[in-house]
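First up is the structure itself, then whatever we jot down about it.
Here is the naming used below: chain letters follow the sequence lines, and residue numbers restart at 1 for every chain.
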Protein chains: 2
Amino acid sequence: MTNIKEVARQAGVSASTVSRVLNAKGYVNEATRQKVLQAVQQTGYRPNVLAKSLKSGRSNTICLMVPSMQNPIFPEMARGVEDVARRSGFTVVLCNTNEDDTVEKAYIDKMKTQWIDGFVVCSSMGRADHIRALRGEGFPLVLVNRFEERDVNRLDIVAVDNFKAAYDAVQYLIGAGHRRIALASGREELYFYRERFRGYCRALEDAGIPLDDALVLRETSGVESFDRLTREVMALPDPPTAVFAASDPKAFVVMHALHDMGLRIPADVSVLGFDNVSLSSMVEPPLSTVAQPLYEMGAVATKNLIHQIRYKEQNGQLPPPVHSVLGVDLIVRRSTR
Amino acid sequence: MTNIKEVARQAGVSASTVSRVLNAKGYVNEATRQKVLQAVQQTGYRPNVLAKSLKSGRSNTICLMVPSMQNPIFPEMARGVEDVARRSGFTVVLCNTNEDDTVEKAYIDKMKTQWIDGFVVCSSMGRADHIRALRGEGFPLVLVNRFEERDVNRLDIVAVDNFKAAYDAVQYLIGAGHRRIALASGREELYFYRERFRGYCRALEDAGIPLDDALVLRETSGVESFDRLTREVMALPDPPTAVFAASDPKAFVVMHALHDMGLRIPADVSVLGFDNVSLSSMVEPPLSTVAQPLYEMGAVATKNLIHQIRYKEQNGQLPPPVHSVLGVDLIVRRSTR
DNA sequence: CTGAAAGCGCTAACAG
DNA sequence: CTGTTAGCGCTTTCAG
């Protein structure tokens with residue numbers, strides 16, 4: 001790799017002049033400018049970003065922390081992150097924790113010593129203090145989707161209103177005449193699942209339908225557990241006529257179990273999902289679901305993060321945190337009626 | 001951030017001694033070693049990786065180039081890449097090109113100036129010369145899945161035997177009694193799709209079944225085009241009794257169209273996919289498919305890449321290229337008979 | 001066994 | 001307008 005010195009030699013100038021030309025900093029004679037440019041051309045010189053970063057303390061690199069690549073919502077978010085980052089000249093480092101706390105912790109630790117300008121994180125841990133500490137340590141940070149109540153007004157957040165989204169979804173089901181509505185609920189240590197649960201409860205309550213705990217399906221070991229749970233709940237003397245799944249993958253498992261039992265969707269039981277991953281339109285029947293703007297969530301988070309990075313560079317400190325609440329869409333397809 | 005000098009000061013030694021202790025290089029008195037370690041503890045010192053890289057010319061960072069995050073095979077491969085990289089102390093930079101040649105080219109260009117140690121690439125371009133040039137320029141490189149015939153023995157490749165896999169798949173269909181077998185084919189500029197096509201043709205030929213071009217469905221604009229194509233082919237006077245889809249997403253679209261036409265799977269027509277993405281077991285009916293070891297492909301590619309990196313460091317040049325052919329599995333579920 | 005010094009490639013005062 | 005100098009944080013001869 002040819003370096004700046006070599007270019008300087010070829011152009012018959014000093015390294016600083018080359019630097020000035022390339023970074024358009026300070027005045028430089030047009031004639032020498034041309035000489036430098038030509039030398040750059042000839043040598044095919046590319047500045048060493050590493051050296052630049054070492055000097056400037058900025059790397060134009062951000063860290064994207066996701067808990068899983070198997071849940072399709074994360075790749076979709078990642079797409080939004082990558083798109084915005086790339087267009088703004090940032091590189092993204094992919095940190096997949098596989099829902100493993102130890103890995104997440106180790107990654108944070110590693111990234112801090114690395115050359116990272118900021119973090120977009122979907123944390124796997126409910127109360128991951130090492131992540132929350134990041135902001136205190138001066139690192140730009142945006143939480144996407146997964147956050148805690150106490151993070152509001154303390155950290156930057158991008159998410160949807162999970163309570164309201166679930167409330168509206170269940171209300172839609174109730175409006176369609178359902179009274180026995182099961183919930184395929186998610187891990188309770190995650191705030192957004194608690195919120196969706198709360199929305200479910202409130203919608204029921206507001207409609208004067210008593211909450212029946214037998215209709216609340218709680219994930220035990222991975223989404224596959226809903227296969228058994230679905231069979232069990234449908235075997236009840238008074239089984240549900242609709243199942244609201246707190247995520248699309250759960251809905252798929254539920255649908256599969258239902259099919260397997262010979263039940264028709266939506267004739268016998270309606271299924272409503274949450275996420276709108278790309279495959280939800282392709283299953284049979286196409287899944288009605290609450291659409292989260294996944295790509296946009298990643299994009300907005302990254303825009304915010306870059307804003308923080310630039311702001312910090314100019315003002316020496318992080319801007320006040322902003323909480324972005326994006327809208328959801330209830331997409332009615334053919335799995336509900 | 002405290003630096004090595006600060007640690008040295010606290011320990012009452014020189015920076016070089018601290019370096020020696022931390023990197024276990026050269027002899028160092030046990031007593032001073034302890035002093036250093038203690039100072040490291042107290043200050044919470046973390047070496048600056050950037051400075052290290054600048055010195056060593058190695059960044060322990062690899063680039064993962066994928067054409068899409070929407071096709072679920074890539075996140076799954078990415079998982080394999082990330083897992084192996086992380087365990088070996090490497091960081092992975094995510095470059096998603098969205099199947100855009102310009103983006104891909106720009107990324108390569110950018111990464112070359114980033115002191116990237118190596119590349120794992122699923123190229124979007126059939127003949128991407130700037131990618132192939134990488135090896136010539138001394139960059140460790142592994143092609144996964146997407147490669148050209150002429151790359152064999154010139155570049156490192158990880159893939160399955162697409163010809164044989166397709167051949168076996170079609171032979172299975174023929175063995176089940178099918179004679180009219182449609183192919184939902186992929187973009188022809190991709191070698192592996194051509195290979196799958198060739199396998200389809202050969203299997204037919206070997207069974208004495210004439211190739212009927214009307215049964216070859218060619219993607220026009222995205223996988224959605226198979227919706228129309230499926231309807232058309234089923235409207236033929238002599239429609240197929242089985243459809244072999246060159247990828248699972250195509251199979252999903254085909255199944256969907258079939259359902260929509262009121263056709264039963266597999267009673268009226270069998271559908272066989274290719275990939276075994278995680279959702280293929282959840283659609284209705286569960287999709288029979290040729291399972292590619294996606295995670296493993298990413299993992300093997302990364303292992304190979306890291307081997308190249310280490311080899312190059314020791315020997316000053318890249319090792320001879322290796323072509324890893326991984327095995328596939330025909331998973332028979334309930335969409336075929 | 002340990003410290004001093006040089007240098008990875010680049011940028012930013014500071015002179016001139 | 002341009003060159004010299006210093007230094008980002010670290011490793012690595014080379015002396016001692």
Side-chain angles (χ1 to χ4, degrees), chain A residues 1-40 43-61 89 110-117 313-314, chain B residues 1-40 43-61 89 110-117 138 313:
Chain A
M1 267 301 192
T2 106
N3 63 12
I4 201 172
K5 250 177 173 166
E6 175 62 18
V7 176
R9 210 184 49 70
Q10 286 231 11
V13 299
S14 77
S16 13
T17 300
V18 176
S19 172
R20 268 190 289 261
V21 170
L22 262 26
N23 299 295
K25 284 222 171 109
Y27 293 91
V28 45
N29 186 327
E30 183 56 26
T32 60
R33 211 178 80 85
Q34 289 307 330
K35 271 195 303 187
V36 170
L37 256 24
Q38 199 183 343
V40 169
T43 54
Y45 167 71
R46 319 289 286 152
N48 182 324
V49 189
L50 233 47
K52 222 168 180 158
S53 300
L54 181 57
K55 241 268 101 205
S56 65
R58 273 231 359 226
S59 62
N60 281 301
T61 301
K110 180 175 177 186
M111 288 302 126
K112 289 207 298 202
T113 80
Q114 208 97 353
W115 59 102
I116 289 292
D117 288 342
E313 191 171 29
Q314 293 197 349
Chain B
M1 267 300 189
T2 105
N3 62 13
I4 201 171
K5 251 179 173 164
E6 175 62 18
V7 177
R9 209 184 50 71
Q10 287 230 12
V13 298
S14 77
S16 9
T17 300
V18 177
S19 172
R20 267 189 289 260
V21 170
L22 262 27
N23 300 294
K25 284 224 169 102
Y27 293 92
V28 47
N29 187 327
E30 183 57 26
T32 60
R33 211 178 79 85
Q34 289 306 331
K35 271 194 303 188
V36 170
L37 256 22
Q38 200 183 342
V40 168
T43 55
Y45 167 70
R46 320 288 286 152
N48 180 325
V49 189
L50 230 50
K52 221 168 182 158
S53 300
L54 182 56
K55 257 257 121 186
S56 66
R58 272 227 3 221
S59 61
N60 280 301
T61 301
K110 181 175 176 186
M111 289 302 126
K112 290 207 297 202
T113 80
Q114 294 265 19
W115 284 89
I116 285 286
D117 288 343
E313 190 172 29

Discussion item. Return whichever of Glu30(A) or Leu54(B) has its heavy-atom-nearest nucleotide of DNA chain D closer to the 5' end.
Written reply: Glu30(A)

Worksheet entry | Smallest separation among heavy atoms of Ala51(B) and Leu54(A), with atom names | CB-CD1, 3.9 Å

Looking at every strand, decide which applies to [X] at a 4.0 Å heavy-atom threshold: base, sugar-phosphate, or nothing.
| X | result |
| --- | --- |
| Lys55(A) | base |
| Thr17(B) | sugar-phosphate |
| Thr32(A) | sugar-phosphate |

Atom-to-atom span, [atom1] of [X] to [atom2] of [N] - whole angstrom:
| X | N | atom1 | atom2 | answer |
| --- | --- | --- | --- | --- |
| Trp115(A) | dC10(D) | CH2 | P | 15 Å |
| Lys35(B) | dC1(C) | NZ | P | 14 Å |
| Arg58(A) | dC10(C) | CZ | C1' | 16 Å |
| Leu50(B) | dG9(D) | CG | C1' | 9 Å |
| Arg20(A) | dT2(D) | CZ | C1' | 6 Å |
| Arg9(A) | dC10(C) | CZ | C1' | 18 Å |
| Glu6(A) | dC10(C) | CD | C1' | 16 Å |
| Ile4(B) | dG7(D) | CD1 | C1' | 16 Å |

Nearest to the side chain of [X] - [options]?
| X | options | result |
| --- | --- | --- |
| Val28(A) | dC10(D), dT2(D), dG3(C) | dT2(D) |
| Lys52(A) | dG3(C), dG9(C), dT11(C) | dT11(C) |
| Ser16(B) | dG3(C), dG9(C), dT2(C) | dG3(C) |
| Pro47(A) | dG9(D), dC10(C), dC8(C) | dC10(C) |

Worksheet item: To the nearest 0.5 Å, how far apart are CG in Asn3(A) and CZ in Arg9(A)?
Response: 10.0 Å

Discussion item. Would you compute the distance between atom CG of Leu22(B) and atom CZ of Arg33(B) and round it to the nearest 0.5 angstrom?
Written reply: 10.0 Å

Worksheet item: Got a donor-acceptor pair under 3.5 Å from the side chain of Arg46(B) to the base of dG9(D)?
Response: no

Worksheet item: Does a nitrogen or oxygen in the side chain of Lys25(B) sit under 4.0 Å from OP1 or OP2 of dT12(D)?
Response: yes

Discussion item. With a cut-off of less than 4.0 Å, is there a side-chain N or O of Asn48(A) near OP1 or OP2 of dC8(C)?
Written reply: no

Discussion item. Go through it in stages, so that I can follow the logic: the residues are Glu30(B) and Gln34(B), the test is side-chain hydrogen bond (donor to acceptor under 3.5 Å, both in side chains), and I'd like the CA-CA distance, side-chain angles, deciding distance and then a yes or no.
Written reply: CA-CA 6 Å; Glu30(B) 183 57 26; Gln34(B) 289 306 331; 2.7 Å; yes

Worksheet, complete the sentence: When Ala51(B) and Ser14(B) are each assigned the nearest nucleotide of DNA chain C, the 5'-most assignment goes to Ser14(B)

Practice prompt. Indicate whether the side chain of Ser59(B) and that of Trp115(B) have a donor and an acceptor atom separated by less than 3.5 Å.
Written response: no

